[in-house]
Amino acid sequence: MYYEIAIIALIIFVIMISTGQISINQLISDHEALFKKLKESDWDFYVKARYGNDVNPDILFNQRIRNGVITIFAMLFAFIGNFSAITIVIAIAAGFFMYKMTYMNVKSYYRKHINEIDSMLPHYLKSIEILIQHYTVPVAIGKSLEDAPEIFKEGLQDLVNAINSGDDSINPYMDFAKTYPVRDSMRMMRLLYRLSIGRQERKQEQLLAFSKSISNLQQKARETRYKNRLEKMEGMTMRMLICTGIGVMVLLILSVLQMIDL
């Protein structure tokens with residue numbers, strides 16, 4: 001009986017979705033403020049790191065919500081004949097896992113390419129030193145936007161717009177660092193802010209200090225990259241030695257067993 005009712009309800013639900021009487025996307029949009037509370041603070045950054053600026057993080061986030069909701073209803077339908085508090089918990093857990101799966105995938109991509117992505121910001125700041133010598137920091141950033149890493153372009157434009165609108169505080173720089181939480185982003189943005197508010201007669205001295213700090217961060221990133229490569233090579237060597245050792249032991253054991261049989 002439960003299955004017959006559930007099938008009829010499912011057919012009606014599908015018909016209403018097909019005719020546009022019910023829209024899951026509209027449902028998500030109407031409750032966007034509520035769903036936004038589930039959004040991870042670093043979600044936008046991971047999406048941009050994985051797909052670039054061509055993919056809208058908000059659209060992908062709404063797809064995650066939709067997939068999670070559909071999974072919950074699908075699990076409830078599967079357990080319609082054995083409906084209980086446990087099945088509800090299982091259905092919600094399955095929906096939450098489906099919701100989190102995309103986040104875990106983009107975060108895994110960042111972890112695999114962490115050294116490459118983290119090195120982009122100090123490399124970019126190092127490349128605009130000449131421009132900063134002749135222009136203010138926001139003008140230098142604006143002139144270098146075309147050559148900036150794709151992942152940071154939107155954030156850099158927002159930074160320049162905020163400064164040009166009259167915000168001469170550190171907030172635009174910190175907002176950029178929070179939006180793009182790469183290694184030492186807070187420190188680099190503080191250095192850039194101090195350089196932007198420095199006195200003109202001390203600009204060369206401050207620029208040298210800025211350049212030295214960025215060079216140290218680049219060196220730190222290179223050392224970390226080489227260290228990770230070395231650890232990876234050591235791990236591969238250890239696995240090869242273990243596999244070789246196990247293979248030799250197996251051959252010895254087989255040889256001993258063969259001698260015993262003789």
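- A distance of 7.0 Å separates CG in L125 from CD1 in I132, rounded to the nearest 0.5 Å.
- For N171 and Y193, the side-chain atoms include no donor-acceptor pair closer than 3.5 Å.
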Please walk me through it: do R190 and M174 pass side chain to side chain contact (heavy atoms under 4.5 Å, CB included)?
-> CA-CA 8 Å; R190 288 193 185 97; M174 291 298 97; 3.7 Å; yes
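- Taking Y180 as the reference, F152, F176 meet the ring pair (Phe, Tyr, Trp, His ring centres under 6.0 Å) condition, with sequence neighbours excluded.
- By the side chain to side chain donor-acceptor pair (under 3.5 Å) test, Q157 is found to be paired with N161, residues two or more places apart in sequence or in another chain being considered.
- Distance check, rounded to the nearest 0.5 Å: OG of S127 to CD of E129 gives 8.5 Å.
- Note that CG of D175 and CD1 of I170 are 10.5 Å apart. Values are rounded to the nearest 0.5 Å.
- Each of I130 and L195 belongs to its own hydrophobic cluster when Ile, Leu, Val, Met, Phe, Trp and Tyr are linked at side-chain heavy-atom distances under 4.5 angstrom.
- A heavy-atom distance below 4.5 Å is found between the side chains of M188 and L121.
- Residue pairs satisfying the salt bridge (charged side-chain N to carboxylate O under 4.0 Å, His left out) criterion with at least one member in residues 153-169, sequence neighbours excluded, are listed as follows: K48-E154, E150-K153.
- In terms of the side chain to side chain donor-acceptor pair (under 3.5 Å) criterion, N56 has no residue partners (sequence neighbours excluded).
- Residues I65 and Y99 meet the side-chain proximity criterion, which asks for heavy atoms closer than 4.5 Å.
- Side-chain contact between L192 and I141 is present, with heavy atoms from C-beta onward closer than 4.5 Å.
- Here N164 pairs with nothing under the side chain to side chain donor-acceptor pair (under 3.5 Å) rule; sequence neighbours left out.
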Given the rule in the side chain to side chain contact (heavy atoms under 4.5 Å, CB included) test, do Y103 and D42 qualify, once you have shown the distances and angles that lead to the verdict?
-> CA-CA 10 Å; Y103 173 75; D42 49 7; 3.0 Å; yes
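- Under the side chain to side chain donor-acceptor pair (under 3.5 Å) criterion, T102 pairs with no residue at all, not counting sequence neighbours.
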Do I151 and M120 pass the side chain to side chain contact (heavy atoms under 4.5 Å, CB included) test, and can you show the C-alpha distance, the side-chain angles, and the key distance before you say yes or no?
-> CA-CA 9 Å; I151 185 177; M120 289 181 181; 4.0 Å; yes
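- Residues satisfying the side chain to side chain contact (heavy atoms under 4.5 Å, CB included) criterion with A94, sequence neighbours excluded, are T71, M75.
- Residues G142 and V160 approach most closely at N-CG2, 4.2 Å, considering heavy atoms.
- Pairs passing the salt bridge (charged side-chain N to carboxylate O under 4.0 Å, His left out) check and including a residue from residues 89-102, sequence neighbours excluded, read E40-K100.
- Looking at M186 and K178, their side chains come closer than 4.5 Å, going by heavy atoms from C-beta outward.
- When the salt bridge (charged side-chain N to carboxylate O under 4.0 Å, His left out) test is applied to D44, the partners found at least two apart in sequence or on another chain are K39.
- Atom OH of Y124 and atom CG of L156 lie 4.5 Å apart (nearest 0.5 Å).
- The shortest heavy-atom contact between P138 and I163 is CG-CG2, 3.9 Å.
- For the residue pair W43 and P57, the shortest heavy atom distance occurs at NE1-O, 3.0 Å.
- Side-chain contacts under 4.5 Å among hydrophobic residues (ILVMFWY), followed directly or transitively, place M98 together with F97, M101, M104.
- The salt bridge (charged side-chain N to carboxylate O under 4.0 Å, His left out) search around K143 returns none, not counting sequence neighbours.
- If you take OG on S144 and CG on L131, they are separated by 6.0 Å, rounding to the nearest 0.5 Å.
- For Y110, the ring pair (Phe, Tyr, Trp, His ring centres under 6.0 Å) partners at least two apart in sequence or on another chain are F45, Y46.
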